[in-house]
Engineer: 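Structure incoming, see below.
Predicted, not measured: the structure shown is a model, and the values here were computed from it.
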Amino acid sequence: MKYRILFILVFLPFLGFSQERGVGIRLGEPFSITYKDFLEDYLSYEVMVGSGGVNGSNYYQRSFENNPPNSNAFYLSHAASRGVNLNFRMALHEDITDTFEITEGYLLGYAGAGVQLRTTRVNYAYQRFTNCCINRGKDQFGHRPGSICRS
């Protein structure tokens with residue numbers, strides 16, 4: 001069964017038509033389902049819904065130390081879990097077919113910008129100077145500006 005799924009994921013892109021609307025799976029960061037379509041001939045948008053990984057451990061430790069729950073809290077550890085990741089991108093396409101002397105089909109280069117919203121659940125373990133260990137949960141919701149530039 002897993003070989004059938006792998007076969008479909010590998011050969012499905014060859015069945016589609018490039019530079020038209022499409023639904024796909026984005027592998028990597030973030031792992032997501034993606035939809036891309038054109039608003040006009042040279043203006044496209046892409047929407048991705050999926051799950052992104054958590055940031056590095058130093059990020060959450062610095063976040064705790066910059067914003068402790070009280071003045072006598074000392075960081076011990078944390079546990080972070082993945083959340084939902086939403087992305088939206090717009091791209092302006094330019095026909096560069098003549099630049100490469102392509103006689104059949106067309107080639108578009110594009111540049112654009114986007115935004116990413118993601119959630120992460122973080123549980124901190126910290127110690128007060130009174131030697132009492134406390135767990136504190138914190139939901140983090142963040143946004144990241146994004147940009148793309150490809151050809």
Side-chain angles (χ1 to χ4, degrees), residues 1-94 96 107-151:
M1 181 65 180
K2 66 180 176 181
Y3 293 113
R4 289 181 188 162
I5 293 172
L6 180 63
F7 180 80
I8 290 170
L9 290 176
V10 169
F11 288 103
L12 191 61
F14 294 111
L15 302 176
F17 297 98
S18 65
Q19 299 152 341
E20 294 181 9
R21 85 175 59 144
V23 175
I25 296 174
R26 181 177 295 270
L27 302 175
E29 176 64 29
F31 179 77
S32 58
I33 296 173
T34 180
Y35 175 76
K36 182 178 180 181
D37 197 2
F38 281 79
L39 296 173
E40 296 179 17
D41 286 343
Y42 293 104
L43 184 63
S44 70
Y45 68 92
E46 182 179 18
V47 177
M48 295 180 280
V49 177
S51 177
V54 297
N55 291 325
S57 61
N58 290 338
Y59 173 83
Y60 297 110
Q61 183 175 354
R62 283 192 313 268
S63 176
F64 179 88
E65 290 170 352
N66 291 335
N67 187 23
N70 54 47
S71 61
N72 61 350
F74 179 71
Y75 172 86
L76 294 176
S77 66
H78 74 275
S81 60
R82 300 168 73 137
V84 177
N85 194 328
L86 302 171
N87 293 297
F88 179 78
R89 296 178 178 170
M90 295 282 297
L92 183 61
H93 297 255
E94 181 67 33
I96 57 174
L107 179 63
L108 297 177
Y110 61 95
V115 66
Q116 177 185 71
L117 302 172
R118 84 174 12 177
T119 62
T120 302
R121 174 80 181 156
V122 181
N123 286 312
Y124 290 102
Y126 62 92
Q127 186 174 13
R128 291 187 183 175
F129 288 116
T130 60
N131 295 329
C132 177
C133 190
I134 299 170
N135 283 321
R136 172 186 174 212
K138 182 178 180 183
D139 283 322
Q140 290 195 346
F141 179 79
H143 67 282
R144 295 182 177 180
S147 64
I148 54 176
C149 186
R150 299 181 185 154
S151 61

Engineer: Would you say the side-chain atoms of T119 pair up with the backbone N or O of V84, donor to acceptor, closer than 3.5 Å?
Structural biologist: yes
Engineer: Rounded to the nearest 0.5 Å, how far apart are CD1 of I96 and CG of L107?
Structural biologist: 4.0 Å
Engineer: Quick one: CZ on F38 to CD on E46, what's the gap to the nearest 0.5 Å?
Structural biologist: 10.5 Å
Engineer: For V54, does its backbone N or O pair with a side-chain atom of R118 as donor and acceptor, under 3.5 Å?
Structural biologist: no
Engineer: Keeping R82 on the side-chain end and S51 on the backbone end, is there a donor-acceptor pair under 3.5 Å?
Structural biologist: yes
Engineer: Heavy atoms, side chains only, cut-off 4.5 Å: are P68 and F74 in contact?
Structural biologist: no
Engineer: With the side chain counted from C-beta on, respond yes when N85 and M48 share a heavy-atom pair under 4.5 Å apart, and no when they do not.
Structural biologist: no
Engineer: Above 12 or not: heavy atoms from other molecules or residues under 6.0 Å from CG of L43?
Structural biologist: yes
Engineer: Between A80 and T120, what is the shortest heavy-atom contact and its length?
Structural biologist: CB-CG2, 4.4 Å
Engineer: Other residues, nucleotides and ligands only: do more than 12 of their heavy atoms fall within 6.0 Å of CD on E65?
Structural biologist: yes
Engineer: Are S44 and Y110 close enough that some pair of their side-chain heavy atoms sits under 4.5 Å apart?
Structural biologist: no
Engineer: Taking atom OG1 of T34 and atom CD1 of I25, what is their separation to the nearest 0.5 Å?
Structural biologist: 10.5 Å
Engineer: How many angstroms lie between atom OH of Y75 and atom CD of Q61, to the nearest 0.5 angstrom?
Structural biologist: 5.0 Å
Engineer: Side chains of Y126 and H78, heavy atoms from C-beta outward: is any pair under 4.5 Å?
Structural biologist: no
Engineer: Nearest 0.5 Å, please: how far is CG in L27 from OG in S32?
Structural biologist: 9.0 Å
Engineer: Please check this pair: side chain of Y124 against backbone of Y60, looking for a donor-acceptor N/O pair closer than 3.5 Å.
Structural biologist: yes
